[in-house]
Trainee: 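Got a structure for you, written out below as C-alpha cells; questions coming shortly.
Basis for what follows: all heavy atoms, side chains included, without hydrogens, waters or symmetry-related copies. Note that the structure is a prediction, hence the values are computed from the model and not measured. Below, chains carry the letters A, B, ... as their sequence lines are ordered, and counting in each starts from 1.
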Amino acid sequence: MNLIEELEWRGLIHDVIPGTQEQLEKEQTTGYVGFDPTAPSLHIGNLVPVVLLKHLQRAGHKPIVLMGGATGRVGDPSGKDKERQLLDAEVIESNVLTQTAQLQKFIDFENTDNGAILVNNYDWFKDMNFLDFIRETGKHITINYMMAKDSVKNRLEGGMSFTEFSYQLVQGYDFLKLYVDYDCKLQMGGSDQWGNITTGTELIRRKAGGEAFALTAPLIKKADGSKFGKSEGGNVWLSSELTTPYEFYQYWLNTSDEDAENYIKVFTFLSRSEIEEIVENHNKEPHLRKLQKRLAEEVTKLVHSEKALNVARASTELLFGRGSVSMLHGMEDDEILSVFDGVPQANLNDAVGMGIADLLHESGFLASKGEARRALKENSISVNKEKVNEAFVLEEKALINQKYVLLQHGKKKFFLLSTIPG
RNA sequence: GGGGAGAUACCAAAGUGGCCAACUGGGGCAGACUGUAAAUCUGUUGUCUUUCGACUUCGGAGGUUCGAAUCCUCCUCUCCCCA
C-alpha cells in the first residue's frame, strides 16, 4: 500500500494535487506542515496534521515542521467569518516555544536519513522589506486569483482587512522559500488550508518554474455533526496542564461507536489488519467497548506516556469499574493523590458536620447551592460512590484515610475533596 | 449625507404597563433505558431561602407611574435601504 492509499484508507485524504503519488514514488520527498502558534498548547484537532507528518516520515520521506511565528502575527482568515484580533508578539513567541516542545514528541528529529527539520517563518520574514515583498512576490500573483479563494470570497460581504487578505501570499511565500532552500515539494494540512497551499504551488510554478504538490485531510467531525475535540471544559488540549491525561483518556473512551471506528484509523498507527480485527471484535461484543478502550489507550500513550496512561486507567477502573472506594482505604496519601491526579479536587477545612448541599457548593464542585439542591432532587449526587439525599451530613467515619471524600454528580463527574477534621 | 429597523438569559427568538425570573426552540446538566455508545422518553436550566417568599436581571444612564422588559428623554452599539 503506498502512502496515498494508506492515508486514503484512513480517511485522511480530502484533496490531492494530481501527480503527488508519482512524486512520492520517484524519490525521497520533503514535505511540510505549518502550525500557527495561536494558543499556548496544541489541541487534538492539531493532531491531524501531526499524524500526516508522521505518516510521511514512516514512509521514508523527510518532514519539515514549520512554526508560524510570522503567519501567526497576521491571522489566517481560512474558515473564519470575522476579522480576528491580532496577538501580541510576546504571546506568539511563547506559544512557539511550547508548541515546538510538544511537536518534538511526535516526530523524529534525530534520524540521520530522514530526521525532521524545524523552521520558523519569522526567521525569514522579520527582516523582509515590504517593498521587496510586493515587488518580488506580489507581482507573481494577481488579486483576481487571490479573490477567487473561498477564504476571501466568503468575506467580501462582511469585510476583511488587507492584513488577512495578504495571508495566503505570506503562507505561499513560505512554501516557495522551503522549496528553494530545502527542495521541499509537498505541503500538507487541513482542508481549510487548500487555498493557501495552492497559492504556494502557484508561486513556485511562476517564480521558480518548479512543480510542487499538496494533500489535505478532511475536517474531523463527529457523527452527530457537532464539533470534534470539545469537551465540557472546552478544547481537549495536548498539554497535561490544560487537559489532564485522565480527562484526555476519558474523552476518547467516550466516543460513539461510529466515531471511534473513524478515529482509530486517523489517530493511531495500528495496521489495517489490526484495526479491522478490533472493529470486528467490537461489533461482536459492543458492550465491552474494546474499540473505544484501544483507541483511548493508543492516543493517550502517543500524546502523554505509558505511565500517564496507567494512571488514567487506574482512575477509570476505580471510578467506573467494580472497584469500590474501600480499595482506597489503606493506601498512602500520595498513592491516592496520584490515582486522582486527573480529577478536580479542592481542600475544604471543617467539612465534617456540613450538610451535603453546602458541601457541594462550598467545595466549588457545583456552582451554587440552588444547583446542589436541584442535583440532590434529581438523585444524582453520590458520596464515596453511594447515592445520598438532601439530608446527608458528612461524618468523620466517611472520610477515606481520615482526610478524603469522593463527591460525584451523575455518572461521570467526580470531585475529590480533602479536609482536615475539626 | 438622507431614511428605516433593532439591542431580551449560553445561543436563537417571543413578550409592547401588573397574571414576567420572562412563551418557545436549540444547547447544557441530570434521570430512565443501555455498553461511561447512539437513538428515545422525562425532569431541570438567575441568586439566596427546607417551604412561604426575598433579591438582582431584558444594551447604558436618567425619568413618568402605586407598578416598567414594555411608556418618555439622552447616550452607546449593530443591521438594512437610498445617495
Trainee: Of the non-hydrogen atoms in A:Ile278 and A:Leu270, which two are nearest, and what is the gap between them?
Mentor: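 Closest heavy-atom pair between A:Ile278 and A:Leu270: CD1-CD1, 3.9 Å.
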Trainee: Which is true for A:Lys387 with a 4.0 Å heavy-atom rule: it touches a base, it touches only sugar-phosphate, or it touches nothing?
Mentor: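 Counting heavy atoms under 4.0 Å across all strands, the contact made by A:Lys387 is with sugar-phosphate only.
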Trainee: Nearest-nucleotide wise, let me know which of A:Gly410 and A:Thr255 is further upstream toward the 5' end of RNA chain B.
Mentor: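 Taking each residue's closest nucleotide, the earlier one in sequence belongs to A:Gly410.
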Trainee: If the C1' atom of B:U70 is compared with that of B:C58, how far apart are they to the nearest Å?
Mentor: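 Approximately 10 Å lies between the C1' atom of B:U70 and that of B:C58.
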Trainee: Figure out the CD/C1' separation between A:Glu258 and B:G35, and round it to whole Å.
Mentor: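 After rounding, the reported distance stands at 16 Å.
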Trainee: For A:Ala375 and for A:Tyr249, find the nucleotide of RNA chain B with the closest heavy atom, then tell me which residue's nucleotide is more 5'.
Mentor: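 That would be A:Ala375.
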Trainee: Rounding to the closest angstrom, what is the interatomic distance between B:U57 and B:U45 at atom C1'?
Mentor: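 Looking at atom C1' only, B:U57 and B:U45 are 16 Å apart.
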Trainee: Got a salt bridge between A:Arg58 and A:Glu6, using NZ or NE/NH1/NH2 to carboxylate O under 4.0 Å?
Mentor: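 A salt bridge is absent here (no side-chain N lies under 4.0 Å from a carboxylate O).
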Trainee: Starting at the 5' end of nucleotides 44-58 of chain B, put B wherever the base has a protein heavy atom under 4.0 Å, S where only the sugar-phosphate does, and a dash everywhere else.
Mentor: SS-SSBS--------
Trainee: What class does the angle between the rings of A:Phe267 and A:Phe228 fall in, given that below 30° is parallel, 30 to 60° is tilted and above 60° is perpendicular?
Mentor: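 It falls in the parallel class, under 30°.
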Trainee: Could you measure between the two C1' atoms, the one in B:U16 and the one in B:A68, and give it in whole Å?
Mentor: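 Comparing C1' positions in B:U16 and B:A68 gives a spacing of 11 Å.
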Trainee: In whole angstrom, give me the gap between the P atoms of B:G28 and B:C19.
Mentor: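 32 Å, rounded to whole Å.
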Trainee: So, A:Ser78 versus A:Lys149: side-chain donor-acceptor pair below 3.5 Å or not?
Mentor: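 Per modelled atom types, A:Ser78 and A:Lys149 side chains form no pair under 3.5 Å.
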Trainee: From CG of A:Leu253 over to P of B:A38, roughly how many Å is that when rounded to an integer?
Mentor: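 My rounded result for the distance is 12 Å.
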Trainee: More than 12 heavy atoms of other residues, nucleotides or ligands under 6.0 Å from NZ of A:Lys105: yes or no?
Mentor: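 Yes.
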Trainee: Output side-chain donor-acceptor pairs under 3.5 Å for residues 368-381 of chain A, partner residues at least two apart or in another chain, one line each.
Mentor:
unit_1	atom_1	unit_2	atom_2	d
A:Ser368	OG	A:Gly370	N	3.4
A:Ser368	OG	A:Glu371	N	3.1
A:Lys369	NZ	A:Asp358	OD1	2.6
A:Ser380	OG	A:Ala375	O	3.1

Trainee: Are A:Gln171 and A:Thr199 close enough that a side-chain donor and a side-chain acceptor fall under 3.5 Å?
Mentor: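 No donor-acceptor contact under 3.5 Å links the two side chains.
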Trainee: Tell me the interatomic distance from A:Asp257, atom CG, to B:A38, atom C1', rounded to whole angstroms.
Mentor: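 Value for this atom pair: 7 Å.
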Trainee: Can a salt bridge be assigned to the pair A:Glu276 and A:Arg272 using a cut-off of 4.0 Å between side-chain N and carboxylate O?
Mentor: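 Between A:Arg272 and A:Glu276 there is a salt bridge, with a charged N closer than 4.0 Å to a carboxylate O.
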Trainee: Grab the CG-P distance between A:Leu366 and B:G28 for me, whole Å please.
Mentor: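 Nearest whole value for this atom pair: 18 Å.
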Trainee: Quote, to the nearest angstrom, the C1' distance that separates B:G15 from B:C20.
Mentor: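 Pairwise C1' distance, B:G15 against B:C20, rounds to 9 Å.
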Trainee: What are the two closest non-hydrogen atoms of A:Val236 and A:His43, and how far apart are they?
Mentor: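 Reported closest heavy-atom pair: O-CB, 3.2 Å.
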Trainee: Taking atom P in both B:A5 and B:C74, what distance in whole Å separates the two?
Mentor: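 Straight-line distance between the two P atoms is 16 Å.
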Trainee: Between A:Asn401 and A:Glu332, is any side-chain donor less than 3.5 angstrom from a side-chain acceptor?
Mentor: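 Short answer, no.
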Trainee: Does A:Arg313 count as lying over the ring of A:Tyr249, i.e. NZ or CZ under 6.0 Å from the six-ring centre, within 45 degrees of the axis?
Mentor: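 Here A:Arg313 fails the 6.0 Å and 45° test against A:Tyr249.
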Trainee: Write down the distance between CG (A:Asn379) and C1' (B:A32), rounded to a whole number of angstrom.
Mentor: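 In whole Å, B:A32 C1' and A:Asn379 CG are 12 Å from each other.
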Trainee: Taking only the side-chain heavy atoms of A:Pro286 (C-beta and beyond), determine which of B:A37, B:G35, B:G31 contains the nearest atom.
Mentor: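 So the side chain of A:Pro286 is nearest to B:G35.
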Trainee: Return yes if the base of B:U34 and the side-chain atoms of A:Lys411 contain a donor-acceptor N/O pair under 3.5 Å, otherwise no.
Mentor: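 A donor-acceptor contact between them is present.
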Trainee: Among the candidates B:C29, B:G35, B:U36, find the nucleotide nearest to the side-chain atoms of A:Phe320.
Mentor: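 Ranking B:C29, B:G35, B:U36 by closest atom to the A:Phe320 side chain puts B:U36 first.
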Trainee: May I have the distance from A:Lys293 (atom NZ) to B:A37 (atom C1'), rounded to whole angstrom?
Mentor: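 Atom NZ in A:Lys293 sits about 13 Å away from atom C1' in B:A37.
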Trainee: Hey, where does RNA chain B pair up into stems, meaning at least three consecutive Watson-Crick or G-U pairs with distances under 3.5 Å?
Mentor: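 Paired runs of 3+ in RNA chain B: B:1-7 with B:76-82, B:10-12 with B:24-26, B:27-32 with B:40-45, B:46-48 with B:53-55, B:59-63 with B:71-75.
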Trainee: Using the P atom on both, measure B:G26 against B:G18 and round to a whole Å.
Mentor: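 Looking at atom P only, B:G26 and B:G18 are 29 Å apart.
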Trainee: Measure from NZ on A:Lys412 to P on B:G28 and round the result to the nearest Å.
Mentor: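 After rounding, the reported distance stands at 12 Å.
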Trainee: Checking contacts here: which listed nucleotide (B:G35, B:C29, B:G31) is nearest the side-chain heavy atoms of A:Gln292?
Mentor: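 Nearest to the side-chain atoms of A:Gln292, counting from C-beta on, is B:G35.
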Trainee: Distance check needed: B:A38 C1' versus A:Asn283 CG, whole Å only.
Mentor: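 So the two atoms are 14 Å apart, to the nearest Å.
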Trainee: Distance between the C1' atoms of B:G46 and B:U42, in whole angstroms?
Mentor: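 That atom pair is separated by 23 Å.
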